[in-house]
Amino acid sequence: MRALVRGREYVAVVAERYWLARQALEQARIRWDEGAHATLNTAAIFKRYAQALDAGEGRQWQSRGDPGAFLGTGGRRVAAEYRVPFLAHATMEPINCTARVGGGRCELHVGTQVPSFVRWIAAQTAGVPFDAVRLELAPMGGGFGRRLEFDYVREAIEIAGHVPGLPVQAIWSREEDIRRDMYRPAALARCEAVLDEKGVPRAWGIALAGPSLAEQYTRRLHPLLETVFVLPDKTTAEGATHLPYRLPNLRVTHAEVPVPVPVGNWRSVGLSQNAFFVESFVDECARAAGTDPYEYRRTLLENAPRHRKVLDSAARRAGWGEPLSARPGLRAGRGIALVEALGSIVCEVAEVEVDPDQRVRVTRVVAAVDCGLAVDPPNVVAQVRGAIHFGLSAALFGRIDIQEGRVLQSNFHDYRMLTLAQAPRVEVELIESGQAPGGVGEIGVPPIAPAVANAVFAATGKQPRALPLQPS
């Protein structure tokens, strides 16, 4: 063993081999200060969210017409409350960074999504000029927003400073990776609408609650920046505002509720939860109107021909309206969701089977994508397919629970991933629109959770309003 390093929030062992270092660390007698949040739990966090919404707190992100004159009065009122949990990134390559510090220089070998920020952080941490930092950018075994962070870079540099001149690869175990993540924020949403005599919303409102990841990220970058550069966090309402549907009276608010759980960017960011809220609620409004969910969306998209074309393409390819057969003892259903994300439009149709114990299996997903000019069509298809499977892991299984100030989950036995045997058949259709290129790396994630949730209702008659969908 070369060194035992005591950091501000960690203890590390430096040894010739990873296994020796890990064994030594497990034998170290460490007494942790439980801190001010030793009794924090998930239920208390959601209670804070509910209290904020009860008190009418929240920044108004969008207002059109006069929704206040309609919501809660007259007409057919539809209301629902949804929630989503914290999520870990769980990249296949756990967090790691190789650093060498000495002679007034700092050398890094690391996979990162923000190399310029990393060089700046490295110069600060090592106490060397920016030009004295050499960064070798390594391929990433998955990023999804986790490698927008730099906590692991700071730690590697601090540890390497205890053995000057020697390269140190700081490796996190899978347990550390899951329990020390910057999580996708847990969120709560209250949706309400008033439908006219034809079942079309004449007023629509969404009140969201959760923490601001922009505020936390800025503070992690540098504490002084928090008071200077933090702008309102648009990601909190991303996917709930500027909807393509015909909604003459609309209100969207978000109550920022600070939580001591570290939160950060997670693939598709605010769209990942807000699309679930919006597209689930569209289905609930369709049922209240006595209308097929696909046809209901077509009606609301009468002024959005590009979105309507994507919707029609997905429904046609999926065979919307055709009967579904299920294996003996199972119930089958088909659900749909449409999302505009990152300059692109994507609609997904999911087919599911549900067993008597409410376990869900997704058997097929059809996606129609208008990303404008597809510069590399095979790569667009691959990105959407990968994003669908990534989103399915979260929709079916993903949850991070806090109890007594600690994360309960630790590895893939209790933070489950979709397996090859569970993966559905995925079909992706690209639609040429002649528009400018849009994003494709994240757009497959937001529609999959509501599409599957809506399919579960079609199979069981019960609308899921919380994720994950798989029973614990």
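Fair warning: this is a prediction, and the values are worked out from it, not measured in the lab.
Residue pairs that meet the salt bridge (Lys or Arg N to Asp or Glu O under 4.0 Å) test with at least one member in residues 268-280, sequence neighbours left out, are Glu279-Arg297. Pairs of residues two or more places apart, or lying in two chains, that qualify as side-chain hydrogen bond (donor to acceptor under 3.5 Å, both in side chains) and include a residue from residues 338-356 are His307-Glu340, Arg327-Glu353, Arg334-Glu351, Glu351-Arg364, Asp355-Arg359. Contacts classified as side-chain hydrogen bond (donor to acceptor under 3.5 Å, both in side chains) and involving residues 255-274 (residues at least two apart or in different chains) are given here: Arg184-Ser272. Within the structure, the side-chain hydrogen bond (donor to acceptor under 3.5 Å, both in side chains) test picks out the following pairs touching residues 21-32 (sequence neighbours left out): Tyr18-Arg22, Arg22-Glu26. Applying the side-chain hydrogen bond (donor to acceptor under 3.5 Å, both in side chains) definition to pairs two or more places apart or across chains, those involving residues 149-164 are Tyr10-Glu158, Arg146-Asp151, Glu149-Arg220, Glu155-Arg180.
Considering all non-hydrogen atoms of both residues, Asp283 and Ile336 come closest at OD1-O, 4.2 Å. Nearest heavy-atom pair across Pro450 and Ala275 is CG-O, 3.7 Å. Here the closest non-hydrogen pair linking Ser212 and Glu215 is OG-N, 3.1 Å. For the residue pair Ala453 and Phe276, the shortest heavy atom distance occurs at CB-CE1, 3.9 Å. For the residue pair Pro85 and Pro468, the shortest heavy atom distance occurs at CG-CD, 4.3 Å. Considering all non-hydrogen atoms of both residues, Ala237 and Val252 come closest at CB-CG1, 4.4 Å.
Remark: Pro260 pairs with His37, Leu40, Arg48 by the side-chain contact (heavy atoms from CB on, under 4.5 Å) rule, at least two apart or across chains. Residues forming a ring-ring contact (aromatic ring centres under 6.0 Å, His included) with Phe46 (at least two apart in sequence, or on another chain): Tyr49. Val426 is linked by a side-chain contact (heavy atoms from CB on, under 4.5 Å) to Val365, Arg385, Ile388, His389, Pro424, Val428, counting only residues two or more places apart in sequence or in another chain. Judged as a salt bridge (Lys or Arg N to Asp or Glu O under 4.0 Å), and not counting sequence neighbours, the contacts of Arg465 are Glu284. With sequence neighbours excluded, the residues satisfying side-chain contact (heavy atoms from CB on, under 4.5 Å) with Arg174 are Pro94, Asp177, Ile178, Asn411, Phe412. Phe144 meets the ring-ring contact (aromatic ring centres under 6.0 Å, His included) test with Phe390; sequence neighbours excluded. In this structure Ala3 satisfies the side-chain contact (heavy atoms from CB on, under 4.5 Å) test together with Val5, Val14, Val163, sequence neighbours excluded.
Here the CD1-CG distance, from Ile159 to Leu4, works out to 10.5 Å after rounding to the nearest 0.5 Å. Rounded to the nearest 0.5 angstrom, Leu338 CG and Leu243 CG are separated by 10.0 Å. Atoms CD1 and CD1, on Ile443 and Ile345 in that order, are 10.0 Å from each other to the nearest 0.5 Å. With values rounded to the nearest 0.5 angstrom, Gln169 atom CD is found 8.5 Å from Cys97 atom SG. Considering CE of Met182 and CD of Gln216, their distance stands at 8.0 Å, rounded to 0.5 Å. Annotation: the span from Thr253 atom OG1 to Leu53 atom CG amounts to 7.0 Å, rounded to 0.5 Å.
The only member of Leu108, Val133, Val153 that meets side-chain contact (heavy atoms from CB on, under 4.5 Å) when paired with Arg119 is Val133.
A donor-acceptor pair under 3.5 Å is absent between the side-chain atoms of Asn454 and the main chain of Ala337, judged by distance alone. Without hydrogens or angle criteria, Arg134 side chain to Cys106 main chain gives no donor-acceptor distance under 3.5 Å. At distances below 3.5 Å, not a single donor-acceptor pair connects side-chain atoms of Gln60 with backbone N or O atoms of Arg251. For the pair Thr91 (side chain) and Gly143 (backbone), a donor-acceptor distance under 3.5 Å is absent. No donor-acceptor pair under 3.5 Å is formed between the side chain of Glu107 and the backbone N or O of Arg100. Gln422 places no side-chain N or O within 3.5 Å of a backbone atom of Arg361 that could act as its donor or acceptor partner.
The shortest side-chain heavy-atom distance between Phe150 and Gln124 does not fall under the 4.5 Å cut-off. Side-chain contact between Val310 and Ile431 is present, with at least one heavy-atom pair separated by less than 4.5 Å. By the 4.5 Å heavy-atom criterion applied to side chains, Leu467 and Tyr82 are not counted as neighbours. Looking at Leu188 and Glu81, their side chains come closer than 4.5 Å, going by heavy atoms from C-beta outward. Using a 4.5 Å heavy-atom threshold, the side chains of Ser280 and Phe457 count as separate. Looking at Ile121 and Leu221, their side chains come closer than 4.5 Å, going by heavy atoms from C-beta outward. The shortest distance between side-chain heavy atoms of Val261 and Tyr183 falls below 4.5 Å. Annotation: side chain of Arg406 is in contact with side chain of Glu34 (closest heavy-atom distance under 4.5 Å).
Electrostatic pairing of Glu427 and Arg425 counts as a salt bridge here, judged by a charged N lying under 4.0 Å from a carboxylate O.
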